[in-house]
J.: 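Pasting a structure here, questions to come.
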Amino acid sequence: MVLRLHDSLRRETRELRPSHPDGIFRFYNCGPTVYAPAHIGNFRTFVVNDVIRRLLELEFGPARVRHVRNLTDVDDRTITQSRKEGRPLAEITRHWTAIFHEDCAALNLLRPHAEPTATGYIREQVSMIEVLMEKGHAYRAADGSVYFRLATFPEYGRLSRIQERELQVTNAVADADHKDSVSDFALWKAYKPEEDGTVQWPGPRTAAAGRPGWHIECSAMSKALLGDTIDLHTGGVDLLFPHHENEIAQSECCNGVPFARHWYHSEHLLVDGTTMSKSKGNYHTLRDLVAKGHEAMAVRYALLMGHPRKQLNFTLDSLHAAASALRTLRAARAAIPGAGGTVDVSAPVLAALADDLNFPGALGALFTALKASAPAELNAAGFDRALFALGLDLAARAPAVAVPAAVTALAERRWAAKQARDFAAADALRAELAAAGWTMLDRKDGWSLEPVRK
RNA sequence: GGCGCGGUAGCCAAGUGGUAAGGCCGAGGUCUGCAAAACCUCUAUGCGCCGGUUCAAUUCCGGCCCGCGCCUCCA
């Protein structure tokens, strides 16, 4: 199988291959900022990257993939949150990191091999900034901050095709006064007591104490953990400019070699047809949805329903459709015998995924393949391989909802009525159960209850 | 203003220069006392609009309309 993926820099679909002699594929995925629960749009990106990780493992072997996803634990938003709550920065970020990990587990995301934090790599960031200053790519501003001098990197803008003159100038840039040019961006931000609270580290030589800029953290952690040139760098489209553009500038000017051989950006998730935002009331976190009774795995399925490079519209209807499709897959899996089947449904599924992550194509191929053969002809390992690639864990279930004692009592009475062949009474009790929100499932040897589906 | 993406059945969504995958919903059926599950069958002469190229276009080209995203610290 050849893994092909669109490259945002070259704007063409290219094969993914390890470039280092050790054969290890180096994969860096920009992670979340841990100051609040991640929303399902964030998780779309992480699900897409999780499928990439799984495909890389299937293609090169688990030992030949190194996947890094960072945690941004110091920036404007984390510091603001910390000040708002009056709690130390580290306490805030530790809390939200734990929540993030719970959500990742619920969505069946494989753990990255390394999950570095910005605050854990201050020294590396400072050191890169010093190299950039020595090479003339960065300068100290009057307040002790350090800025990258864009004019020293003529290739700037290749990824986003942005020209300096095209930048919209409506946003007043807060630190414009300190910079030689409005387009220069911060590598190091001098400590501001009124904004930064207790957050500061010793800065690069000649610079003031303060904290790193956002962009340098990814450059430094990628370099520290994966080396100067990596095989794949990914993130959401919104990171394309300026974040990734700036990373390229910093890393290539510092290291003198190409930064990432392949760039990939997944599109945004829309909710109810528009950007998700708290003010629009269409803002969903995973835990909100789970609290409302939705399965986390159905959320993952819903995030797989669209092509990763197209905006995907998430609605409660699409979540219901996802949950139903998941039930169909569970039934299909249950019907496959443990051994003996020869038809491998993973082939068409993996082919679609390997072709630039065609998620809907892969899902379509899966159902088509399932329909084409009798369950007894299907190979269980093949089915499981397809589901592994998609990261759908069919065993994962929403926690069982507790059945109220009164409902259980109704069910027992109905079962007794049915055994006595008093069907009129049985039907009346079924109606009562339904009114209470429960469906009673009869079997030959007994019964069970489940919440009524909408 | 600059850069980019998209408009395919009730909903979601692939795809192809030769006449539209799949999922969900819905309808009918088998089964079941009923219900649920499972299984079977059906559901776009049509792919935003108008031109053009072609033997043939939803698929290529041009124009237009509509929607969405990014444009300095949002995945």
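Small disclaimer: the values here were computed from a predicted structure and weren't measured. Chain naming here is simple, since letters A, B, ... match the order of the sequence lines and numbering starts at 1 in each.
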J.: What about A/R430: does its side chain form a donor-acceptor pair under 3.5 Å with the base of B/A35?
T.: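 Indeed, a donor on one side and an acceptor on the other fall under 3.5 Å apart.
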J.: When rounded to the nearest Å, what value does the distance between C1' atoms of B/C60 and B/A44 take?
T.: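 Those two atoms are separated by 23 Å.
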J.: Using the salt bridge (Lys or Arg N to Asp or Glu O under 4.0 Å) criterion, which residues pair with A/E377? Sequence neighbours excluded.
T.: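 Salt bridge (Lys or Arg N to Asp or Glu O under 4.0 Å) list for A/E377, sorted by chain: empty.
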J.: Tabulated below should be each protein N or O lying under 3.5 Å from an N or O of nucleotides 37-39 of chain B; please produce it.
T.:
| unit_1 | atom_1 | unit_2 | atom_2 | d |
| --- | --- | --- | --- | --- |
| B/A37 | OP1 | A/R453 | NH1 | 3.2 |

J.: As a test of reading the structure: which of B/A14, B/U72, B/A75 is closest to the side chain of A/H39, going by heavy atoms?
T.: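 Among the listed nucleotides, the one closest to the side chain of A/H39 is B/A75.
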J.: Report the nucleotide, chosen from B/G23, B/U72, B/G33, that has the shortest atom-to-atom distance to any side-chain atom of A/A426.
T.: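 Of the options given, the side chain of A/A426 lies nearest B/G33.
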J.: Scan A/Q311, A/H268, A/H244 and name whichever one has a side chain to side chain contact (heavy atoms under 4.5 Å, CB included) with A/V237.
T.: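 It is A/H268, the one option of A/Q311, A/H268, A/H244 that forms the side chain to side chain contact (heavy atoms under 4.5 Å, CB included) with A/V237.
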J.: Taking atom C1' in both B/A75 and B/U59, what distance in whole Å separates the two?
T.: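 It comes out at 32 Å once rounded to the nearest Å.
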J.: Considering only atom P, compute the distance from B/A57 to B/C49 and round it to an integer number of Å.
T.: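 Each nucleotide's P atom is 15 Å from the other's.
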J.: Ring centres under 6.0 Å, that's the criterion: do A/H233 and A/F259 meet it?
T.: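 Under 6.0 Å, so yes.
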J.: Sequence neighbours left out, what passes side-chain hydrogen bond (donor to acceptor under 3.5 Å, both in side chains) with A/T275? Give chain and number order.
T.: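 For A/T275 there are no side-chain hydrogen bond (donor to acceptor under 3.5 Å, both in side chains) partners, ignoring immediate neighbours.
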J.: Base of B/G15, side chain of A/N358 - is there a donor-acceptor contact under 3.5 Å?
T.: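 Side chain to base: no pair below 3.5 Å.
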J.: With a non-hydrogen cut-off below 4.0 angstrom, is A/R69 in contact with a base, only sugar-phosphate, or nothing?
T.: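 The answer is nothing, as A/R69 stays clear of every strand by at least 4.0 Å.
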J.: Taking the six-membered ring of A/Y28, is NZ or CZ of A/R69 closer than 6.0 Å to its centre and within 45° of its axis?
T.: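 Geometry flag: not set, cation outside 6.0 Å or 45°.
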J.: Check ring-ring contact (aromatic ring centres under 6.0 Å, His included) between A/H67 and all other residues, then give those that pass, not counting sequence neighbours.
T.: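 For A/H67, the residues satisfying ring-ring contact (aromatic ring centres under 6.0 Å, His included) (neighbours in sequence not counted) are A/F27.
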J.: Side chain of A/K418 only, please: which of B/A21, B/G69, B/G33 is the nearest?
T.: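 The answer is B/G33, which lies nearest to the side chain.
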J.: Taking only the P atom of each, what is the distance from B/C42 to B/A20 in whole angstrom?
T.: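 Roughly 15 Å separates the two P atoms.
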J.: Quick test of your reading: applying side-chain hydrogen bond (donor to acceptor under 3.5 Å, both in side chains), list the pairs with at least one residue in residues 348-357 of chain A, sequence neighbours left out, ordered by first then second residue.
T.: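 The answer is A/R309-A/D356.
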J.: Sequence neighbours left out, what passes salt bridge (Lys or Arg N to Asp or Glu O under 4.0 Å) with A/E450? Give chain and number order.
T.: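 Only A/R453 meet the salt bridge (Lys or Arg N to Asp or Glu O under 4.0 Å) criterion with A/E450.
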J.: Check residues 207-216 of chain A and write down every donor-acceptor pair under 3.5 Å in which the side-chain atom is one partner and the other belongs to a residue at least two apart or another chain.
T.:
| unit_1 | atom_1 | unit_2 | atom_2 | d |
| --- | --- | --- | --- | --- |
| A/R211 | NH2 | A/D76 | OD1 | 2.7 |
| A/H215 | ND1 | A/H243 | ND1 | 3.0 |
| A/H215 | NE2 | A/N246 | ND2 | 3.1 |

J.: What's the closest nucleotide to the side chain of A/D427 if the choices are B/A75, B/C34, B/U72?
T.: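 Selected nucleotide (nearest to the side chain): B/C34.
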J.: In terms of side-chain heavy atoms of A/L270, which of B/A75, B/C68, B/C71 is nearest?
T.: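 For the A/L270 side chain, the nearest candidate turns out to be B/C68.
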J.: Tell me every residue that passes salt bridge (Lys or Arg N to Asp or Glu O under 4.0 Å) with A/R140, counting only those two or more places apart in sequence or in another chain.
T.: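 Salt bridge (Lys or Arg N to Asp or Glu O under 4.0 Å) check on A/R140 returns nothing, list empty.
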J.: Between B/G33, B/A75, B/C71, which one does the side chain of A/F241 approach most closely?
T.: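 Nearest to the side-chain atoms of A/F241, counting from C-beta on, is B/C71.
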J.: Closest to the A/T274 side chain: B/G69, B/A75, B/A36?
T.: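 Minimum distance to the A/T274 side chain belongs to B/G69.
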J.: Can you tabulate the close N/O pairs, meaning under 3.5 Å, that link protein atoms to atoms of nucleotides 4-11 of chain B?
T.:
| unit_1 | atom_1 | unit_2 | atom_2 | d |
| --- | --- | --- | --- | --- |
| B/G4 | OP1 | A/R161 | NH1 | 2.3 |

J.: According to a strict under-4.0 Å criterion, is A/S324 in side-chain N/O contact with OP1 or OP2 of B/C25?
T.: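 True: A/S324 side-chain N/O within range (under 4.0 Å) of B/C25 OP1/OP2.
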J.: If we take the P atom in both B/G29 and B/C34, what is their distance in whole Å?
T.: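 About 13 Å, rounded to a whole number of Å.
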J.: Can you tell whether the side chains of A/E432 and A/R414 come within less than 4.0 Å, N to carboxylate O?
T.: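 A salt bridge is absent here (no side-chain N lies under 4.0 Å from a carboxylate O).
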J.: Do the side chains of A/R413 and A/D422 get close enough for a salt bridge, i.e. N-O under 4.0 angstrom?
T.: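 Salt bridge: no.
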J.: Which residues in residues 244-252 of chain A have a heavy atom closer than 4.0 Å to any atom of RNA chain B?
T.: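 When residues 244-252 of chain A is checked for heavy atoms under 4.0 Å from RNA chain B, there are no hits whatsoever.
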J.: For A/D50, enumerate each residue passing the salt bridge (Lys or Arg N to Asp or Glu O under 4.0 Å) test, keeping only those at least two apart in sequence or located in another chain.
T.: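 A/D50 satisfies salt bridge (Lys or Arg N to Asp or Glu O under 4.0 Å) with A/R54, A/R300 once adjacent residues are dropped.
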J.: Where each pair must be Watson-Crick or G-U wobble with both distances under 3.5 Å, what dot-bracket representation of RNA chain B is obtained, with crossing pairs in [ ] and other-strand partners as |?
T.: (((((((..(((.........))).(((((.......))))).....(((((.......))))))))))))....
J.: Which is true for A/G236 with a 4.0 Å heavy-atom rule: it touches a base, it touches only sugar-phosphate, or it touches nothing?
T.: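 Since only primed, P, OP1 and OP2 atoms lie under 4.0 Å of A/G236, the category is sugar-phosphate.
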